[in-house]
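Beneath this line is the structure, given in structure tokens, with notes to follow.
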Amino acid sequence: MKLFHIEKNKMAIAVAAALWLMAAGSAAAADPEPALETVIVKGSKIDRPLDDTLASVAVVTARDILEHADTSLSDIIGRLPGLNTQSGNETWGIRGVPVAGFDEQGPATSNGAVSVYVDDALQPHRMLTLSPMPLWDVEQVEIFRGSQSTMQGRNALAGAIVFQTRNPTYAPSLSARLNGGNDGQRGASVAGGGALVEGKVAARFAADVQRGDGYIRNATLGTDANPQRSTSLRAKVLVEPVDGLDVLFTLAHTRNRRGIQAVNAGPQYYTVSYNTGEFDQMDQDTATLRADYAITPAMTLTSITSSSRGTYDALLDFDQRADRTQSVMRVHKNRLFNQEVRVAYKVPGLQAQAGVYYGTVRNELDDRLDYSGVIVGSVTGTTRIASRSVFGEATLDLTPQWQLVGGLRYERERNNTQLEDELASDPSVRQVTTFSALLPKVGLHYRLAPEQLLGAFVQRGYRSGGVNVRVGTNHQPYDPEYTNTFEVSHRAAWLDKKLRTTANVYYTDWKDQQVARLDANEELQVGNAGHSRMRGLELGAEFALNRALQIQAGASYSDTRYLDFVSNGENLSGRAFIGAPRRKLSVGLVYRANDRLTASADAIYQDGSASAYLTDTSGKVSQVRRSDDATLINANLAYRIGKATVTAYVKNLADRQYIANNQSGRVLDVSAPRSVGLAVRYDM
């Protein structure tokens with residue numbers, strides 16, 4: 001074991017040294033032409049160049065994914081400003097807002113704060129918080145920071161993420177990969193396709209299987225505590241029966257299973273003492289049908305239909321100790337159906353779209369609390385949600401320099417929740433609630449120069465209400481929450497487009513924020529805090545120093561505050577949001593030599609943040625549990641030999657150990673240790 005640790009250090013040092021030497025010598029060896037890509041943003045439903053998109057969006061292309069050795073969404077989030085992540089994938093967020101929202105039950109109610117789409121299919125929140133969201137055969141990932149409610153509707157209060165995997169083409173293709181690394185990492189991937197009927201029908205398939213033993217040991221059971229298992233299968237068929245009509249059918253299956261993400265306080269890196277073999281598992285099947293029809297050269301009709309079924313199974317150690325046997329067994333089944341039809345219109349001086357949406361969600365809940373083999377409490381039931389909306393957005397050229405942007409969405413939702421809870425004061429609960437919202441967006445753009453764009457907009461965000469589904473509580477309904485955001489943006493290209501810069505400054509006023517809090521009976525409920533706000537900025541830059549060397553940098557600052565938050569005698573007014581780091585900085589370089597050798601390195605810093613507030617008898621905050629500041633260095637080295645590419649990577653090169661979440665004080669989330677790996681890829 002000691003020998004392997006020494007070899008792992010040697011590999012990390014070797015990769016870092018190679019990157020440093022190549023970067024130092026790149027200026028003399030490279031062609032001075034610029035190398036920045038032209039990037040098209042598609043997630044806002046109207047295709048625009050990134051330089052003309054004033055929304056705060058980060059776009060990660062397939063090339064970026066390869067050059068940074070990204071394997072999951074967590075890798076992308078980790079290095080981008082304005083995004084925060086912790087151990088595993090459960091509590092990542094945008095601008096300090098967690099994906100599941102601050103009520104902490106978003107995955108169980110399909111009522112989260114960030115919408116994620118994969119090939120136009122909306123993902124259930126268990127997929128977002130428990131799945132690594134693998135990146136094999138992904139073409140582009142777009143991460144929108146800030147509310148996207150006008151175009152995306154419910155569950156986009158904090159932002160949206162749009163995945164696009166590779167579509168079928170008529171040209172034959174085949175890619176395969178084998179990978180392995182420390183802590184038992186191993187995997188295999190394949191993707192390919194081509195024409196079935198030349199010029200009319202094409203198909204593509206992709207498969208990815210990954211395994212790992214994890215880096216945490218269960219000292220009580222003598223087993224690996226956080227093994228990882230993931231399987232992803234996808235098939236696509238493109239049909240073009242007549243000119244102007246494209247029909248794309250996608251089938252996908254995913255299975256993800258993982259162990260515990262926490263360790264005993266101390267912290268004891270990397271050990272936990274539980275007498276229960278915790279696990280979370282998510283299985284999902286998705287079908288999507290997309291049709292695009294060019295009615296005229298200026299007008300396109302798009303229909304997107306998606307349906308998914310998923311099952312979440314979990315075994316959790318309720319007492320989090322070795323001398324007690326208290327566990328929670330969960331089985332949650334969900335069904336999602338979404339139908340959207342929209343028309344896009346584009347002529348010189350006007351770009352517009354309008355559409356209608358209908359969606360349903362069905363969640364079946366079965367949570368059981370077990371004390372030494374005896375079921376002492378359970379909650380079972382079903383939540384049914386039906387959403388209907390009409391939306392539109394337009395960009396109008398007022399003059400050659402000025403553009404007016406306007407958007408509007410009307411959303412209406414019905415939530416029907418039925419629960420049976422043996423421990424609740426009312427064991428049989430039925431709550432039917434209806435919500436509606438009008439979500440406007442207004443903006444103004446000004447072309448300062450041919451390569452500079454300045455803009456400002458105001459937008460309303462929304463997340464629907466629901467019913468508390470926690471076992472043993474009163475299962476009270478809670479209201480929707482709303483945000484009003486004012487944002488100023490700047491986009492520019494400099495030095496003959498060798499340098500690209502982005503800047504966004506925002507202020508968000510938050511009303512009726514949904515939070516978890518104790519009621520007068522010391523029961524954890526979901527309620528609405530009075531008033532909160534967020535303000536901050538996000539900066540980004542890409543500089544093609546020459547054709548070989550590209551430098552990237554980003555920074556974000558986020559100031560979050562509860563302005564009015566008093567609950568059960570506890571006063572958190574004036575305090576920052578839980579799990580919301582204030583600063584994040586990143587700098588990276590990519591070196592490309594002779595179309596064969598590619599190297600990259602990233603250095604990332606993220607502030608620590610409050611994990612929990614403890615109050616005294618007067619209700620004032622007496623202690624703040626915090627996560628640690630974190631500084632990480634990742635590196636990647638790839639060499640192409642013919643059609644094969646060999647890649648070596650190291651993540652957390654300095655083997656930095658830090659507390660990522662300190663909510664309980666006894667059980668902690670900690671950083672992943674240094675990870676090294678090797679992959680061999682073949683592309684036909």
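All values reported here derive from a predicted model rather than from experimental measurement.
Although no hydrogens or angles enter the test, the distance criterion places no donor-acceptor pair under 3.5 Å between the side chain of Asn594 and the main chain of Arg596. The backbone N or O of Asn155 lies less than 3.5 Å from a partner atom in the side chain of Ser115, making a donor-acceptor pair. Lys236 places no side-chain N or O within 3.5 Å of a backbone atom of Ala206 that could act as its donor or acceptor partner. A distance-only check finds no donor-acceptor pair linking the side chain of Asp669 to the backbone of Ala660 [under 3.5 Å]. Not one N or O on the side chain of Gln148 forms a donor-acceptor pair closer than 3.5 Å with the backbone of Ala160.
Here the rule is side-chain hydrogen bond (donor to acceptor under 3.5 Å, both in side chains) with Arg255, and of Thr311, Asp283, Thr231 only Asp283 fits it. Checked against Asp119 for a side-chain contact (heavy atoms from CB on, under 4.5 Å), the options Thr250, Val138, Ile304 give a single hit: Thr250. Checking Gln552, Lys651, His68, Arg79 one by one against Asp602, the side-chain hydrogen bond (donor to acceptor under 3.5 Å, both in side chains) holds for a single residue, His68. Checked against Ile143 for a side-chain contact (heavy atoms from CB on, under 4.5 Å), the options Ile161, Val57, Val162 give a single hit: Ile161.
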*Begin from the C-alpha positions of Asn661 and Ser627 and carry the test side-chain contact (heavy atoms from CB on, under 4.5 Å) through to its verdict.*
CA-CA 5 Å; Asn661 187 7; Ser627 62; 5.7 Å; no
_CA sep, side-chain torsions, deciding dist, call: Asp224, Arg217, salt bridge (Lys or Arg N to Asp or Glu O under 4.0 Å)_ = CA-CA 5 Å; Asp224 294 320; Arg217 187 73 175 169; 3.3 Å; yes
*Stepwise, does the side-chain contact (heavy atoms from CB on, under 4.5 Å) test hold for Asp51 with Val39?*
CA-CA 8 Å; Asp51 293 340; Val39 178; over 6 Å; no
_Candidate pair Gln284 and Thr286, rule side-chain hydrogen bond (donor to acceptor under 3.5 Å, both in side chains), full reasoning_ = CA-CA 7 Å; Gln284 178 172 297; Thr286 303; 3.0 Å; yes
_For Asn167 and Glu139: C-alpha separation, side-chain torsions, deciding distance, then whether side-chain hydrogen bond (donor to acceptor under 3.5 Å, both in side chains) applies._
CA-CA 8 Å; Asn167 284 334; Glu139 183 72 30; over 6 Å; no
*Step by step, would you call Asp137 with Arg166 a salt bridge (Lys or Arg N to Asp or Glu O under 4.0 Å)?*
CA-CA 6 Å; Asp137 210 39; Arg166 294 184 186 274; 3.6 Å; yes
*Please lay out, stage by stage, how Val99 and Ile94 fare under the test side-chain contact (heavy atoms from CB on, under 4.5 Å).*
CA-CA 7 Å; Val99 57; Ile94 299 178; over 6 Å; no
*Would you please test Glu67 and Arg592 for side-chain contact (heavy atoms from CB on, under 4.5 Å) and show each step?*
CA-CA 9 Å; Glu67 292 178 340; Arg592 311 176 185 100; 2.6 Å; yes
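Under the 4.5 Å side-chain criterion, counting only non-hydrogen atoms from C-beta, Val114 is in contact with Trp92. Looking only at side-chain heavy atoms (C-beta outward), Phe279 and Pro227 stay at 4.5 Å or farther from each other. Taking the side chain as every heavy atom from C-beta outward, Arg681 and Leu66 approach each other to under 4.5 Å. Side-chain contact between Ile216 and Val263 is present, with heavy atoms from C-beta onward closer than 4.5 Å. Thr305 has its side chain out of reach of Phe249: every pair of non-hydrogen atoms, C-beta onward, lies at least 4.5 Å apart. With a 4.5 Å cut-off on side-chain heavy atoms, Arg290 and Asp292 count as touching. Looking at Leu248 and Pro168, their side chains come closer than 4.5 Å, going by heavy atoms from C-beta outward. When side chains are defined from C-beta on, Tyr215 does not count as touching Asn182, because their heavy atoms never get closer than 4.5 Å.
Taking CG from Leu135 and CZ from Phe163, the interatomic distance works out to 6.0 Å, rounded to the nearest 0.5 Å.
Pairs of residues two or more places apart, or lying in two chains, that qualify as salt bridge (Lys or Arg N to Asp or Glu O under 4.0 Å) and include a residue from residues 169-182 are Arg177-Asp208. Pairs engaging residues 186-201 under the salt bridge (Lys or Arg N to Asp or Glu O under 4.0 Å) rule: Arg186-Asp213 [sequence neighbours left out].
A donor-acceptor pair shorter than 3.5 Å can be found between the side chains of Gln210 and Asn179. At a cut-off of 3.5 Å, with distance as the only test, a side-chain donor of Glu240 or Tyr170 sits close to an acceptor on the other residue.
A salt bridge links Lys45 with Glu340: the closest approach of a Lys/Arg side-chain nitrogen to an acidic carboxylate oxygen falls below 4.0 angstrom. A salt bridge is defined here as a Lys NZ or Arg NE, NH1 or NH2 lying under 4.0 Å from an Asp or Glu carboxylate O, and Lys42 with Asp47 fails to meet this definition.
A cation-pi arrangement is absent between Arg330 and Tyr312 under the rule of less than 6.0 angstrom and at most 45 degrees off the ring axis.
Partners of Thr502 by side chain to side chain contact (heavy atoms under 4.5 Å, CB included), not counting sequence neighbours, listed by chain and number: Arg491.
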